[in-house]
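Structure record follows, encoded as structure tokens.
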Amino acid sequence: MSGRRFAGKSAIVTGAAGGIGRACALRLAGEGASVLAVDIKEAELTETATMAYGSNFATMVADVADRTAPEGIVSRALAAHGGLDMLINNAGISGRGGGVEQASDEEWDAVLDMNVSSVFRMSRAALPHLTKPGGKIVQISSVFGLVGFPDSAAYAAAKAGVAQLTRQMVADCGPQGINVNAIAPGVIDTPMTTERIQNDAWYNEAMIKNTPMGVGKPDDIAGVAAFLCSQDARYVNGQVIAVDGGWLAARYWPRD
Ligand code: NAP
């Protein structure tokens, strides 16, 4: 950690009941931010709040894919913390509905709605209230939004949408002094991936063995999200930063 970089600042973190979202919420709170942590999983969200004991930490159970939810989430943050400086659009669902020939309309619609449309709606609701200049939006995309990967048509299209929405938003919001950046994680050990990491031999071969630094931790993403919210990243804007232990860069194949 780098001291209390976010003292006096207010943040919303979606998908904060576990994994990357929990790590981001705890990191920002640990560095002094007032945080509104949002998720659909009430019990685990309460656990996150317990872990943030001593911080100015509020929780809200909400489905961010519900079209009416984002306005309510932003209002709640403003009421609880008196302003809004940072939005971490993290909540997402995994999509394993196959390639284009296999993916059903239902899978496609659900994954696009959750993984990219909710990011658009959360951002739309937050933008009028974000501090200007100085507001920060960090979106969680994926390495699968940057290169093709088998069996992930809807997920990959949604995450590529998040990456491009990030660049697009900079064109619109940059002049107001708002930074919008995205992180594209590689394989990170979270509740979303645990089962695959433990039981999917093909995924281990394609993703994990091929990652020079092996499986990452939620804190590996939270540290970069905090950097992107910090003054050190004042001039970083519209970037999609892969945080993947070298998977994209190396196309590594171990000799064994
Ligand atoms: P996670 O462990 O499943 O955590 C995501 C949280 O968001 C869960 O608590 C989830 O609840 C919640 N959520 C899902 N839909 C929601 C909704 N409609 N409204 C509110 N909350 C909702 O996942 P993670 O691995 O930390 O992933 C976080 C983000 O990173 C996602 O956008 C994911 O696509 C991205 N990512 C992850 C990896 C990785 O390797 N872990 C790699 C690349 C990108 P449920 O559990 O009930 O769904």
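As the structure lists them, so they are numbered: ligands from 1, and atoms in each ligand from 1.
- Under 4.0 angstrom from ligand 1, the non-hydrogen atoms of Met114 all belong to its side chain.
- In this structure, Phe144 has no heavy atom closer than 4.0 Å to ligand 1.
- Separation of atoms CG (Asp39) and CD (Glu44) is listed at 7.5 Å; rounding is to 0.5 Å.
- Between Tyr155 and ligand 1, an N or O atom pair is found at a separation short of 3.5 Å.
- In this structure, of Ile140, Val61, Thr194, the residue bringing a heavy atom nearest to atom 35 (C) of ligand 1 is Ile140.
- For Pro218, the closest heavy-atom approach to ligand 1 does not fall below 4.0 Å.
- Lys41 CD, 3.8 Å is the protein heavy atom nearest to atom 45 (P) of ligand 1.
- Closest protein heavy atom to atom 1 (P) of ligand 1: Met192 CB, 3.8 Å.
- At a 3.5 angstrom cut-off on N or O pairs, Ser142 does not count as close to ligand 1.
- Here the side chains of Val13 and Val38 are not in contact, with every heavy-atom distance at 4.5 Å or above.
- Asp200 meets the salt bridge (Lys or Arg N to Asp or Glu O under 4.0 Å) test with Arg96, Arg196; sequence neighbours excluded.
- Within the structure, ligand 1 lacks Ala16 among the residues with a heavy atom less than 4.0 angstrom away.
- Nearest-residue assignment for atom 29 (C) of ligand 1 (options Asn89, Ile20, Asn90, Leu45; heavy-atom criterion): Asn90.
- The closest approach between Thr14 and ligand 1 stays at or above 4.0 Å for every heavy atom of the residue.
- Heavy-atom separations between Ser141 and ligand 1 include at least one value shorter than 4.0 Å.
- Residue-ligand proximity, Ala17 to ligand 1, at heavy-atom distances under 4.0 Å covers atoms 9 (O).
- A heavy-atom distance below 4.5 Å is found between the side chains of Val240 and Arg167.
- Of the options Ile40, Thr190, Thr193, Asp39, the smallest heavy-atom separation from atom 16 (C) of ligand 1 is shown by Ile40.
- Using a distance-only test at 3.5 Å, with no hydrogens or angles considered, no donor-acceptor pair links the side chain of Lys9 to the main chain of Arg5.
- Around atom 40 (O) of ligand 1, the closest heavy atom drawn from Asp63, Ile188, Ile221 belongs to Ile188.
- For Gln102, the CD atom sits in a packed shell: over 12 heavy atoms of surrounding residues, nucleotides or ligands are nearer than 6.0 Å.
- Here is the list of ligand 1 atoms found below 4.0 Å of a heavy atom in Gly92: 14 (C), 31 (C), 32 (O).
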Decide side chain to side chain donor-acceptor pair (under 3.5 Å) for Gln239 and Asn181; before the verdict, give the C-alpha distance in whole Å, the side-chain angles of both, and the deciding distance to 0.1 Å. CA-CA 5 Å; Gln239 298 305 303; Asn181 290 291; 5.5 Å; no
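- The backbone N or O of Lys159 lies less than 3.5 Å from a partner atom in the side chain of Ser141, making a donor-acceptor pair.
- A 6.0 Å sphere centred on NZ of Lys132 holds more than 12 heavy atoms belonging to other residues, nucleotides or ligands.
- Remark: ligand 1 and Ile93 share no N or O pair separated by less than 3.5 Å (distance only, no angle test).
- Of the protein's heavy atoms, Pro185 O, 3.4 Å lies nearest to atom 43 (C) of ligand 1.
- For the ligand labelled ligand 1, residue Arg22 lies outside the 4.0 Å heavy-atom shell.
- A donor-acceptor contact shorter than 3.5 Å links the side chain of Arg22 to the backbone of Ala17.
- Under 4.0 Å from ligand 1, the heavy atoms of Ala62 that appear belong solely to its backbone.
- Here NZ of Lys209 is found 15.5 Å from OH of Tyr203. Values are rounded to the nearest 0.5 Å.
- A donor-acceptor pair under 3.5 Å is absent between the side-chain atoms of Ser34 and the main chain of His81, judged by distance alone.
- Interface atoms of ligand 1 facing Gly186, defined by a heavy-atom separation under 4.0 Å, are 38 (C), 39 (C), 40 (O), 42 (C), 43 (C).
- Applying the side chain to side chain contact (heavy atoms under 4.5 Å, CB included) criterion to Ala222, with sequence neighbours excluded, gives Ala23, Cys24, Arg27, Asp219.
- Taking every non-hydrogen atom of Val187 and a distance limit under 4.0 Å, the qualifying atoms of ligand 1 come out as 40 (O).
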Test side chain to side chain donor-acceptor pair (under 3.5 Å) on Gln231 and Arg234; report intermediate values, then the result. CA-CA 5 Å; Gln231 184 59 18; Arg234 189 195 74 82; over 6 Å; no
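- Ranking the protein heavy atoms by distance from atom 4 (O) of ligand 1 puts Gly18 O, 4.1 Å first.
- For ligand 1, the polar-atom distance check against Val64 finds a nitrogen or oxygen pair separated by under 3.5 Å.
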